[in-house]
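Working notes for the structure below.
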2 protein chains.
Amino acid sequence: MIVTIRDVAKKAGYSITTVSRALNGFDDVNEETRAKIMAVAKELNYQPNRVARSLVTKTVNTIGLFVLGRSSFQQGFIADLVSGLIDEASTHDFDLLIFGTQSLKAGLPFQQLCHQRGVGGAVITGLKITDPIIAELEDSPFPTVLIDVPINGPKATYVTFDNQKGMVQALDHLYDLGHRKIGFINGHLEAWVCRERLAGYKKGLAKHGLTYNKAYVYNGNFSKESGRAGAKELIKKNPELTALMVASDLMAAGALEELTAMGYALPEDLSLVGFDDQTFAALTSPALTTIKQDEYLLGRLAAENIIKLINDPGYLPEIKTLTTNLVIRQSTGPVKS
Amino acid sequence: MIVTIRDVAKKAGYSITTVSRALNGFDDVNEETRAKIMAVAKELNYQPNRVARSLVTKTVNTIGLFVLGRSSFQQGFIADLVSGLIDEASTHDFDLLIFGTQSLKAGLPFQQLCHQRGVGGAVITGLKITDPIIAELEDSPFPTVLIDVPINGPKATYVTFDNQKGMVQALDHLYDLGHRKIGFINGHLEAWVCRERLAGYKKGLAKHGLTYNKAYVYNGNFSKESGRAGAKELIKKNPELTALMVASDLMAAGALEELTAMGYALPEDLSLVGFDDQTFAALTSPALTTIKQDEYLLGRLAAENIIKLINDPGYLPEIKTLTTNLVIRQSTGPVKS
DNA sequence: AACATTATCCAAAACGTTTTGGATAATGGG
DNA sequence: CCCATTATCCAAAACGTTTTGGATAATGTT
């Protein structure tokens, strides 16, 4: 049933040493011998036990993906991120082990945990910028790639999107439609992307000579409910607003509900822009104009990066920033004159 | 840095044998000796290398999750399923390795692949009922749990929802609202759940003395576009229909778009029921009445089952069927008289 | 013929851990 | 005192694989 190198050696008539060296490309094996061994290995469907091999070689081809916080699973992008990670890992003959928060709760030092599980490097998503582990990972020799959180160390880097550019794109779009009073519903500032999105909002305003007004910004928490509350508050306090930008599609959906309930017709009375381009952004009524992020590609990039960090001692960590795209749908339109 | 059992033995002043036996609860170790060894192990943060251990003990505490087809990642439930799997696995000190389709494309026999990767059992999602691997797994000694595809073998079982009951619930609801002409947009019949949903539709009709009419059923493919096409065709050919049931929320969203474009007001002119309760079901306008499936719980159940199959030689595989719930929102209302 | 070199194979050690099968001192019972 | 039992420790073997360091026959050169 389970074929070991001993079975192959016995059937081929050579030692396990010769079998191993034949299969692993050593040049001190006669080519005819090698061919015979390879044929037997193929016939028996022999596959080297990676566990045993990794014990000897101390090389590891497993990436650990840490998804922190149950709510991270409820963001729309995890599936695509995982899909991208798997596809890239697979082309490099790496496997992907997934861990949730409880793995880190056990009080076991991060690297010990990874070593115990045979993980050679970690991709982590769901970190807040205040999480202490970030400092710990920064100078660590253990390869790490963070998603959407900046880090820069000898073996640590991150992948993300150009959030600022995305926000500028959205603001350009609204400006071109004639909007001059533009509000912003952000997420919580513990998420680095929210700091970036705020900076992009400010940059977009400045680009068009518009004044940043603190009262036009609401800090939510990425939930639909905070999107509703944000829209309600911003519009109540600033009825002159003609457009709202929102830091996530889910919050934008909440804002849409609230605005509709308040009697606004979108986009005639007010324009709305989300962020993410989650599946449902095309399903709301009106469908959301939003900033698209290709999370599948981000996953591939993260995997590519962590594999290099694991495999190549001389590899210098590179920060990878993917571009975003404005997707115009029906939630934005010309300002009402 | 990396602490091995030899470091602990050296520092504690005992052999590696005694250290191992002390840490693993053997009773031929003096209790004072044990305490001393445990203190040293704790001080050094010693964690047994699972790779080495599994090589010796041939026990494995890794579950392989196979997600087949890129489109499986785009179904709304994968993230919740994974979350549930991880949480349950973690309580049993199991890890979760994820594989995509390409892992099976390599031509490597399934069990060899799992053995090579140190996987003790597999959870598989995305299978069509026509996939040949199902027969292969049925009588295999390798532990397997399928998601939403029936299988029954000595080491094989499946977890799913009561799709028929869900459909009957939806039909009851529509019947109570006065609907008598009820159409059904199904997914493709290679997905077992679609056969179940069709059977449930028929059962619900029969329960209320309504006649099953083949012309009232459209076979889609789970895409939004097929939902649009299904609504268009069913309504065009059967204008007497007052309600549509749909086998997934995404197709329901497509049907909603089409019906709206055709000038129907929902639910006044026609009622619509989806299936899944995906996040966006609450975000469409009107929000979808739908059948809720708790995929997180399904993930936990699958993990619980596969762990039992791996750990307990005497465990008889149990089919696990979770109940569904009707979630009434705004897409259903009384039939127009 | 003697020595050096090359080709080709293999035993042993290693990886980190677990477990088998003693070894030995202490203790208790006849 | 002698023998049996118990407590407590440890060397060795095992797991499946890789790699080091030979061993040896054949061949070539002087």
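Keep in mind it's a predicted model, so treat the numbers as computed, not measured. Throughout, a chain's letter reflects where its sequence line sits, starting with A, and its residues are numbered from 1.
- What separates CZ of Arg50(B) from P of dT17(C) is a distance of 13 Å, to the nearest Å.
- Across its full length, the helix from dA1(C)-dT30(D) to dG30(C)-dC1(D) shows an angle of 70° between the axes of its 5 terminal pairs at either end, rounded to 10 degrees.
- Side-chain atoms of Thr62(A) and Asp95(A) form no donor-acceptor pair, as typed in the model, at a separation below 3.5 Å.
- Between the side chains of Ser15(A) and Thr18(A), at least one donor N or O lies within less than 3.5 Å of an accepting N or O.
- As a whole-Å value, the separation of Asn49(A) CG from dG16(D) C1' is 6 Å.
- Residue contacts shown for Ser20(B) include a base, since a base heavy atom lies under 4.0 Å away.
- Between Arg34(A) and Val29(A), the shortest heavy-atom distance links the atoms NH2-O, 3.8 Å.
- Judged purely by distance below 3.5 Å, without hydrogens or angles, the side chains of Asp87(A) and Tyr296(A) pair a donor atom with an acceptor atom.
- Counting heavy atoms of neighbouring residues, nucleotides and ligands inside a 6.0 Å radius, atom NZ of Lys11(A) does not exceed 12 of them.
- The CD atom of Gln47(A) sits 16 Å away from the P atom of dG16(D) (whole-angstrom rounding).
- Note: Phe110(A) and Phe66(A) meet the aromatic proximity criterion, with ring centroids under 6.0 Å apart.
- With 3.5 Å as the limit, one finds no donor-acceptor pair spanning the side chains of His115(A) and Gln111(A).
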Which atom pairs, donor and acceptor, lie under 3.5 Å between side-chain atoms of residues 77-85 of chain B and protein residues at least two apart or in another chain?
from: Asp80(B); atom 1: OD1; to: Arg70(A); atom 2: NH2; distance (Å): 3.2
from: Ser83(B); atom 1: OG; to: Arg70(A); atom 2: NE; distance (Å): 2.8

Checklist outcome for this item: Protein-proximity profile, nucleotides 5-15 of chain C, B/S/- by nucleotide at the 4.0 Å heavy-atom cutoff, equals ---BBBBB-BB

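- Contact check, Asn24(A) against dT18(D): a side-chain N or O comes under 4.0 Å of OP1 or OP2.
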